[in-house]
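In what follows, chains are A, B, ... by sequence order, proteins preceding strands, each numbered from 1. Quick note: numbers below take in every heavy atom, side chains included, and nothing from hydrogens, waters or symmetry partners.
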2 protein chains.
Amino acid sequence: MARKSATGRIGIADVAVKAGVSHATVSRVMNGNFTVDPDIAARVRAAAVELKYQPNPVGRSLALGKTDTIGIVVPDLANPTFQAILRGLSRAAAEDGYRVLIADSFEVSSEEAILAGEARRRCDGLVLCAPRMSDAELEEIAPSLHPLVLINRTTAAAGIPSLVVDYGQGVQDLAEHLVGLGHTRLAFLAGPAGSASHGLRLEGLEAFKTRHPQVDVTMLDGGSDFDTGHGAVDPVLASGATGILAFNDLVAMGLMSGLHERGVDVPGDISVTGFDDIPFARYTTPTLTTAAVPIAELGGQAWRELRALIRKEDHDAPGSRYQPRLEIRASSGPAKAPRTAAHG
Amino acid sequence: MARKSATGRIGIADVAVKAGVSHATVSRVMNGNFTVDPDIAARVRAAAVELKYQPNPVGRSLALGKTDTIGIVVPDLANPTFQAILRGLSRAAAEDGYRVLIADSFEVSSEEAILAGEARRRCDGLVLCAPRMSDAELEEIAPSLHPLVLINRTTAAAGIPSLVVDYGQGVQDLAEHLVGLGHTRLAFLAGPAGSASHGLRLEGLEAFKTRHPQVDVTMLDGGSDFDTGHGAVDPVLASGATGILAFNDLVAMGLMSGLHERGVDVPGDISVTGFDDIPFARYTTPTLTTAAVPIAELGGQAWRELRALIRKEDHDAPGSRYQPRLEIRASSGPAKAPRTAAHG
DNA sequence: CGGCAGTGAGAAAACGCTTTCTCGCCTGCC
DNA sequence: GGCAGGCGAGAAAGCGTTTTCTCACTGCCG
């Protein structure tokens, strides 16, 4: 008797009938509107409980013009950095009663704009995480995505907060650290070409090079995962560098693993640094020197910025800039006498 | 002139006006209904493009009774296992045009039922991942969550596919492996008490113990993360065990790291095994012997089961059972002469 | 040339909810 | 005792779609 109508699910109408009131009144009660007689309210509530009535969020969303959901677009859900951001975002949003819809672009930048648009239409706001699309495209679609928060990317479009990690500064800190240990031949294991954070690292390295013209910095092709690092052993050894700046911790770990297999001692023969300070970094052997990025905090901050936008607080879209903190562990040590390029 | 109405966004009505037709016709065109005159269809399409019209998914969902979204509830988004499942699920669902809404219960089992209900109402189906709630509660809410797929949990409720990993078998395989290496004193680092997968491991260990009454198996308290393993060094050494079955790879890595700091050689002094074969497992020092769970595949399979349910294909809710595969690496080796309990 | 089948598009209802509008009734004051 | 004012609840109008229902018009055949 309880379930009726097309969908089979019980709706506001069922409660209204059971309580002997109009569905408008049921709605008022369910939303805590106090202009309703306490007796009737109690009757409605009883009916709702008895029928296990739960308002249909879709109908609610349509009427209210909001979904209590936000979207996040990431280039690769397998990347610990994005996982951490997602986690921080999800946690912070949940505390305010918002849910998170995820969209993984799988590193195909051409999909990003479509994914972002679709996600945005279903949500009250969007976090665009390190988008790989071009500046031009980003600038073009950004306004239509508002409320929007960018992570590790900036745009000229107005009213869009950007949360960026200062990868340039971080990589300089790491390089300075290595130089301070006496290393004069460094190598940088590059990241994905499209990534803005990679660009920032390159800029940082350029700044470093002009400041230390005597230091030799070899650029090596790369990627962002374990296998990249593991596969980079030969080029690294061939470079003759004694201090290696890996694109991130994953690459560093892969590299250390590969070096270990070859019997190369870290940090005795070669020092290796990572980037990000993922949780694993303090448990590698040797523990990994890296630049710590307060990544979970970033997710939380992204939510706060987005929330301000959604609530239309005039907030001036400030955004923030995060300084990585040098985390010196055991994978970096004093340079030994310069090696010759050939090895093994 | 284009944007109008309350929301400010352009809707089907704007396109209808611009094309000089009714909004019903616009809807027909947008949905590829061919009963509309090609000329008019073209005019509508042109208007839609010009206005950059994109149908509002909320209105669409209400009319269609579906959201093209599925939900997943996980106990802890920080856990690599759940991240991998999420990733596999997201990827598979995306290929069929579905999005994923995530709900993280942060290991508070009392929240799970509410989160699951809320998520389900916004979605066309739900994946409940290793729920920590009691069997009774699960059985009670399961019917109301349909279409529902369970991961690493089963229920007596009907029509609910379950995808379970045979942790019991896996832990037995690992234990057998250690015994085969000559170890006679083992220790098991337990996981979260509420976790069903932990229960399965215990059952497996019981079976193992009845088969090998001469082998000593010490049970140690635990958890599921790095720090658990790292903090378990003392109890492990005190146990006198030479073969350690860690709850999962994270715990194993934490333990190895702690043992390393104490100067205990792995596998020379103590063999350590993990569980899951997370990507990091092959890059630890030493590389980690573990039981590989095809976890990403699990996410994909979860989607296929859920899709069958959503499409009402009669599918008999088969579910699947996944056998972990023993992955023997360098963290396990021959037992050396029995040690005394005291150490360091 | 008239009626009928068929086609194609507009009107309107439905989806499930919120909210404004309106009206009836009760109270209180003159 | 009659009327103004206020309060509480029902009626109805959205929210943005889809889809059924209906009707007008075309063209064919008798």
Can you confirm whether A:Val127 sits close enough to A:Val73 that some side-chain heavy atom of one is under 4.5 Å from a side-chain heavy atom of the other?
no
Regarding B:Glu112 and B:Arg132, does a basic nitrogen lie under 4.0 Å from an acidic carboxylate oxygen?
no
Pair up each side-chain donor or acceptor in residues 89-96 of chain A with any protein partner under 3.5 Å, not counting sequence neighbours, and list the distances.
unit_1, atom_1, unit_2, atom_2, d
A:Asp96, OD2, A:Trp303, NE1, 2.6
A:Asp96, OD2, A:Arg307, NH1, 2.7

For a 4.5 angstrom cut-off between non-hydrogen side-chain atoms, does B:Val165 reach B:Ser197?
no
Are side-chain heavy atoms of A:Ser162 and A:Arg153 found at a separation under 4.5 Å?
no
Identify the two heavy atoms, one from B:Glu305 and one from B:Pro161, that lie closest to each other, and give their separation to 0.1 Å.
OE1-CB, 3.7 Å
A:Asn31 side chain N/O closer than 4.0 Å to the phosphate oxygens (OP1, OP2) of C:dT18?
yes
Do A:Asn33 side-chain atoms and A:Val29 backbone N/O form a donor-acceptor pair below 3.5 Å?
no
End-to-end bend of the helix from C:dC1-D:dG30 to C:dC30-D:dG1 (five-pair axes, 10° rounding)?
70°
Nucleotide C:dC15, atom C1' - distance to CG of B:Leu64 in whole Å:
10 Å
Starting at the 5' end of nucleotides 8-14 of chain D, put B wherever the base has a protein heavy atom under 4.0 Å, S where only the sugar-phosphate does, and a dash everywhere else.
SBBBB-B
Contact under 4.0 Å: A:Tyr53 side-chain N or O vs C:dG16 OP1/OP2
no
What integer distance in Å separates A:Met30:CE from C:dC17:P?
9 Å
